[in-house]
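Below, read A as the first sequence line, B as the second, and so on, with proteins coming before strands; counting in each chain starts at 1.
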Amino acid sequence: MIVGKVVGSVVSTRKNERLVGSKFMIVQPVAEMRGVGDQLVAVDNVGAGVGEFVLVALGSAARMGCDKETAPIDAAIVGIVDDDCNSFC
Amino acid sequence: MIVGKVVGSVVSTRKNERLVGSKFMIVQPVAEMRGVGDQLVAVDNVGAGVGEFVLVALGSAARMGCDKETAPIDAAIVGIVDDDCNSFC
Amino acid sequence: MIVGKVVGSVVSTRKNERLVGSKFMIVQPVAEMRGVGDQLVAVDNVGAGVGEFVLVALGSAARMGCDKETAPIDAAIVGIVDDDCNSFC
Amino acid sequence: MIVGKVVGSVVSTRKNERLVGSKFMIVQPVAEMRGVGDQLVAVDNVGAGVGEFVLVALGSAARMGCDKETAPIDAAIVGIVDDDCNSFC
Amino acid sequence: MIVGKVVGSVVSTRKNERLVGSKFMIVQPVAEMRGVGDQLVAVDNVGAGVGEFVLVALGSAARMGCDKETAPIDAAIVGIVDDDCNSFC
């Protein structure tokens with residue numbers, strides 16, 4: 001997983017039907033974790049807001065534990081990093 | 001997922017039989033999302049056209065939700081970004 | 001998927017038994033699609049020859065649609081790009 | 001897999017329910033193995049501590065062998081490199 | 001898959017129980033195939049030795065064809081490149 005900051009969202013009205021109801025957030029990995037690339041779009045499963053630092057699962061892991069095993073999702077926000085976590089803030 | 005712009009297509013007559021009927025589009029990730037690489041070829045499941053900004057699912061996610069679970073596909077266009085989405089336009 | 005040019009092959013006599021009969025081709029991604037890396041080794045499922053431009057599926061997709069679901073394969077040539085496809089030629 | 005050094009941990013109280021009880025460690029790949037990126041967050045399944053060199057499995061492999069097949073996990077510490085392994089120390 | 005040279009091994013006594021008996025080799029991808037990163041750790045399933053050029057399967061492919069479908073393995077040596085393969089030697 002990586003830690004990133006939610007910096008925005010993407011709106012898509014015409015999309016795969018299994019994505020209906022999913023919220024697409026733009027996540028910017030923290031500087032220490034740029035290895036997997038720059039910004040990416042992750043489905044939010046935990047109610048994250050812009051500005052929050054989140055834990056993002058990538059690949060098939062993104063479809064686990066959220067009743068979305070058969071949706072075309074390859075990145076998901078699976079946790080919100082605690083406010084008192086200073087290393088990334 | 002990543003957001004990219006459809007910049008072209010690829011034609012392949014001799015191909016795996018499970019790819020028959022698939023439309024192969026060339027997608028250029030937006031500048032903020034180059035982490036996953038440069039251009040890639042994605043199967044279009046939502047009717048995207050050249051010039052449109054699209055949401056692309058990568059890896060096993062690309063085979064979900066489109067009756068292509070057993071086709072050799074690792075990237076699919078799963079949504080079209082709304083026109084009023086200015087951040088990438 | 002990516003588009004690449006077949007530039008050679010690899011011979012391996014001592015190998016996993018489920019790879020027996022597979023032809024290993026070296027593929028050089030086209031310049032626009034270097035994001036996934038430089039050259040890679042892909043199993044040829046469509047009869048591609050050196051010098052041809054091909055469509056390569058990566059990851060678990062490489063084992064789909066060719067009766068090789070349980071072979072240790074992570075890249076496969078799944079299509080040959082048509083000759084009149086000038087964008088990469 | 002890659003070898004990395006545990007350099008810290010991440011705390012997330014609001015998270016996917018299938019991640020409850022998981023310990024999230026920050027791993028810095030050794031210099032020879034930076035190819036997969038910089039730091040990443042891996043679930044610890046073997047009791048690793050900060051400062052130890054560990055073996056990290058990535059992708060779907062991270063959910064194997066630890067009764068977490070359905071948790072949104074894409075990286076896991078699956079072994080601790082022996083102290084007398086000088087090549088990385 | 002990629003071709004790499006076996007340059008060493010990693011010893012881990014405290015590890016996931018499904019990894020017991022696995023031999024962890026350090027593989028350096030050949031210069032033409034650095035795209036997937038620098039050195040990595042791959043489980044050896046074909047009896048490769050230090051100095052040999054090998055074929056490495058990555059991701060879920062690494063668990064195929066060796067009775068290790070449920071072990072936390074993401075890279076495996078699945079073939080040894082023939083000695084008379086001069087392109088990498």
Side-chain angles (χ1 to χ4, degrees), chain C residues 1-45 50 54 56-78, chain E residues 1-6 22-23 25 27-40 42-71 73-89:
Chain C
M1 287 78 69
I2 59 164
V3 174
K5 186 179 185 175
V6 180
V7 295
S9 61
V10 174
V11 179
S12 169
T13 304
R14 291 161 57 196
K15 59 178 176 286
N16 185 292
E17 62 180 14
R18 297 195 193 175
L19 293 176
V20 172
S22 289
K23 199 167 73 172
F24 304 106
M25 309 302 284
I26 303 174
V27 178
Q28 169 78 48
V30 295
E32 296 86 348
M33 299 185 185
R34 292 284 164 82
V36 295
D38 287 322
Q39 293 182 5
L40 52 89
V41 178
V43 169
D44 178 23
N45 295 326
V50 171
V54 294
V56 178
L58 303 170
S60 55
R63 298 189 294 278
M64 302 285 163
C66 56
D67 293 325
K68 289 177 181 164
E69 277 77 0
T70 60
I73 294 171
D74 62 18
I77 298 175
V78 295
Chain E
M1 287 79 69
I2 59 164
V3 173
K5 186 178 184 176
V6 180
S22 289
K23 199 167 74 173
M25 308 304 283
V27 178
Q28 169 77 47
V30 295
E32 296 86 347
M33 299 185 185
R34 291 285 163 82
V36 293
D38 287 325
Q39 293 182 3
L40 52 88
V43 169
D44 178 23
N45 296 326
V46 293
V50 171
E52 284 188 298
F53 285 84
V54 294
L55 199 58
V56 178
L58 302 170
S60 54
R63 297 188 294 278
M64 303 285 163
C66 55
D67 294 324
K68 289 178 182 165
E69 277 77 0
T70 59
I73 294 171
D74 63 17
I77 298 175
V78 295
I80 297 177
V81 177
D82 283 15
D83 280 349
D84 58 350
C85 175
N86 290 310
S87 54
F88 305 113
C89 307

Checked V54(E), V46(E), V78(E) vs chain C; the most non-hydrogen pairs under 4.5 Å come from V78(E)
Pair count under 4.5 Å, heavy atoms only, with chain C: among A57(E), G79(E), G47(E), A61(E), highest is A61(E)
- prompt: Side chains of M33(E) and V41(C): closer than 4.5 Å at any heavy-atom pair?
  reply: yes
Of all heavy-atom pairs linking D38(C) and E32(E), the shortest is CB-O, 3.1 Å
Nearest heavy-atom approach of R63(C) to M64(E) is NH2-CE, 3.6 Å
More than 12 non-hydrogen atoms from neighbouring residues, nucleotides or ligands closer than 6.0 Å to NZ on K5(C), yes or no?
no
The interface call for A75(C) against chain E, heavy-atom contacts under 4.5 Å, is both
Task: Within-4.5 Å side-chain heavy-atom neighbours: V43(C) and M1(E) - done: yes
Cut-off 4.5 Å, heavy atoms of chain C, and the answer for V56(E) is backbone
Among residues 14-21 of chain C, those lying within the under-4.5 Å heavy-atom range of chain E are R14(C), K15(C), N16(C), R18(C), L19(C)
Comparing G65(E), S60(E), A48(E) against chain C, the one with the most heavy-atom pairs below 4.5 Å turns out to be G65(E)
Rounding to 0.5 Å, atoms CG (D74(C)) and CG (D74(E)) come to a distance of 11.0 Å
If one checks every heavy atom of I80(E) against chain C at 4.5 Å, the contacting part turns out to be both
